[in-house]
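Take a look at the structure set out below.
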2 protein chains.
Amino acid sequence: MLEKITKRTKQSINREELESRILRCAELVFAEKGYNGSSMEAIAAAASISKQNLIYYFANKELLYQRVLKEMLDIWIEKLSFLETQGDTPEAVIRRYVREKMQLSRLYPNGSKVFAHEIISGAPVLKEYLISHLKPQFDRDVELVKSWINKGLIEEIDPEHLFFTIWAATQTYADFSVQMEVLLGKHRLEEADFERAELAVTDFVVRALGAKKIIKNNFRLIFFFAIWFGVCFLYGLNVQKNATFHHLNLLVNFLLN
Amino acid sequence: MLEKITKRTKQSINREELESRILRCAELVFAEKGYNGSSMEAIAAAASISKQNLIYYFANKELLYQRVLKEMLDIWIEKLSFLETQGDTPEAVIRRYVREKMQLSRLYPNGSKVFAHEIISGAPVLKEYLISHLKPQFDRDVELVKSWINKGLIEEIDPEHLFFTIWAATQTYADFSVQMEVLLGKHRLEEADFERAELAVTDFVVRALGAKKIIKNNFRLIFFFAIWFGVCFLYGLNVQKNATFHHLNLLVNFLLN
DNA sequence: AAACAACTTGTCTTTCTGGTCAGCAATAAG
DNA sequence: CTTATTGCTGACCAGAAAGACAAGTTGTTT
């Protein structure tokens, strides 16, 4: 297919700028009012242009809506793949994943909301796209998690539902921000809130995965055995029998602290 | 205030029946199309009555919407309070809480969706209600979780964000069911899926809380000390020194298994 | 400068939808 | 059986919104 060479004239630059401004404003309006509640008039007003001009750029509402949705999903799919992280530990991969997803909630709250509206409504527009683009990636990522489980790197966890939970827990900071504002008694969620949230959710997930725990427990195991061997060795060789319980008590007190 | 005695005539029974049928149908339509996308005509059709008749029962759309929302939230608030569970362990309380919330997603998927639409849109109708009814309960529950942390019953976790995560992880099974259907390659989420989900989410949360871990670790600790004492006791008394390492090896193999 | 393309706006039509109103039908009360 | 109340329907209306059309304006190319 021949790609038309787009000269960067004053017009074409303006066009691009205006298009992206329209998309951002449309995103905002769709997020707040849903597809049906958003009039072209309102979107145009948000972008400070006339309705007719808006229609000139996006022939109809459906098309505009699709563009907004697709932009969001492209970003999501692009940013959220396990694939390129084969070398890292599960914990590192998961931490990165959760962080990225939180960033999306923070940076594109409106896109997230439009996406949420769409899915809740039964994904009339997005269904095909989900099947063709999201599912393959999902299947791959699930396989990877399964392999982690088989290798004993993480706890036995339901891989599919792990993803559902991560998505939900992160997405909620975009979609349900109003609820949180009310419950936290704030006018708006701020940077600090998002940072706390990110920390809470990542820790939450990592702890649930048990990735960290295994290491901790291994440490404890090794620690115990080391002392045990030491003690047994000593007693097996040349310490008087009567001292046994005294040393034992010291040790027990130390461990229980 | 005088309460009017409602005689249970044929008419009043019909009225109640029809009212609740309308509410259920409205819930369904609102869930799928959002407030603005749902016409009174469509709701009436779903309930198999005429539009005028619908308006006879619910004078206008706004009112109908509020009723649907309020019914859902009342159920939610009623079912989800920590208060009456003071005696139980944190793990028991949390398990019950998550299970109840999952039940809501399973039993009232449409109500959940309407609620989600509403919150995502900025809670124009519900905001006051959230402040007056949900926040006080939230604050109480947060305090309880904090007290658990202070007592060392659970890991140090961000209480507010714990709730946000639980809500998100459970609510998602109502709101994003379509996405899950696509990704799991199913036509509909079935009982079995919900059971798996409930198990996954509860385990997930409990593990993240660390409530279970403490118990498990205590077990392990007791187990170790019991064996240790036994072994030391035996060696301290009447077993030959040479047998030490043999028995030790047996034990180590058993523990590491 | 002229011709052409890109952009912008005002006007109009059509469709949809929330809601009114007057009147008919079914049921309950006297 | 009659009357009053409650339940239901058809005809209608006003306003909102999508978007078609034509006319005018600005920018680009030759």
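Values in this document were obtained by computation on a predicted structure and should not be read as measured data. What's counted below: heavy atoms across the whole structure, side chains too, no hydrogens, waters or symmetry copies. Every chain is numbered from 1 and lettered A, B, ... according to where its sequence line falls, protein lines coming before strand lines.
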Side chain of [X]: nearest nucleotide among [options]?
| X | options | result |
| --- | --- | --- |
| B/Ser39 | D/dG19, D/dG7, C/dT17 | C/dT17 |
| B/Ile55 | C/dG19, C/dT8, D/dC8 | C/dG19 |
| B/Ser50 | D/dT9, D/dG19, D/dG7 | D/dT9 |
| B/Met40 | C/dC7, C/dG18, D/dC8 | C/dG18 |

If you look only at distance, which donor and acceptor atoms sit under 3.5 Å apart when one is on a side chain in residues 41-55 of chain A and the other is two or more places apart or in another chain?
{"residue": "A/Ser50", "atom": "OG", "partner": "A/Asn53", "partner atom": "N", "Å": "3.1"}

Looking only at side-chain N and O atoms, does [X] come under 4.0 Å of OP1 or OP2 in [N]?
| X | N | answer |
| --- | --- | --- |
| B/Arg15 | D/dG7 | yes |
| B/Tyr56 | C/dG19 | no |
| B/Asn60 | C/dG18 | no |

| query | Looking at B/Glu100, B/Arg99, B/Gln103, B/Met102, which hits side chain to side chain contact (heavy atoms under 4.5 Å, CB included) with B/Thr170? | reply |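 So, applying the side chain to side chain contact (heavy atoms under 4.5 Å, CB included) to B/Thr170 and each of B/Glu100, B/Arg99, B/Gln103, B/Met102, only B/Met102 qualifies.
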
From [atom1] of [X] over to [atom2] of [N], roughly how many Å is that when rounded to an integer?
| X | N | atom1 | atom2 | value |
| --- | --- | --- | --- | --- |
| B/Glu17 | D/dC8 | CD | C1' | 17 Å |
| B/Lys61 | C/dC16 | NZ | P | 15 Å |
| A/Ile49 | D/dG19 | CD1 | P | 15 Å |
| B/Glu41 | C/dG18 | CD | P | 8 Å |
| A/Tyr35 | D/dA17 | OH | P | 14 Å |

Check residues 25-35 of chain A and write down every donor-acceptor pair under 3.5 Å in which the side-chain atom is one partner and the other belongs to a residue at least two apart or another chain.
{"residue": "A/Tyr35", "atom": "OH", "partner": "A/Glu62", "partner atom": "N", "Å": "3.4"}

| message | Let's test your reading of the model: under 3.5 Å, does the base of D/dG19 pair with the side chain of A/Gln52 as donor and acceptor? | response |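 No pair found.
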
| said: Need one value for B/Lys51: base, sugar-phosphate or nothing, where a base atom within 4.0 Å counts as base even if backbone is also close, heavy atoms only. | reply: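 Contact class for B/Lys51: base.
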
| field | B/Arg21 and B/Glu17: CA distance, side-chain angles, deciding distance, salt bridge (Lys or Arg N to Asp or Glu O under 4.0 Å) verdict | value | CA-CA 6 Å; B/Arg21 194 175 88 217; B/Glu17 251 174 39; over 6 Å; no

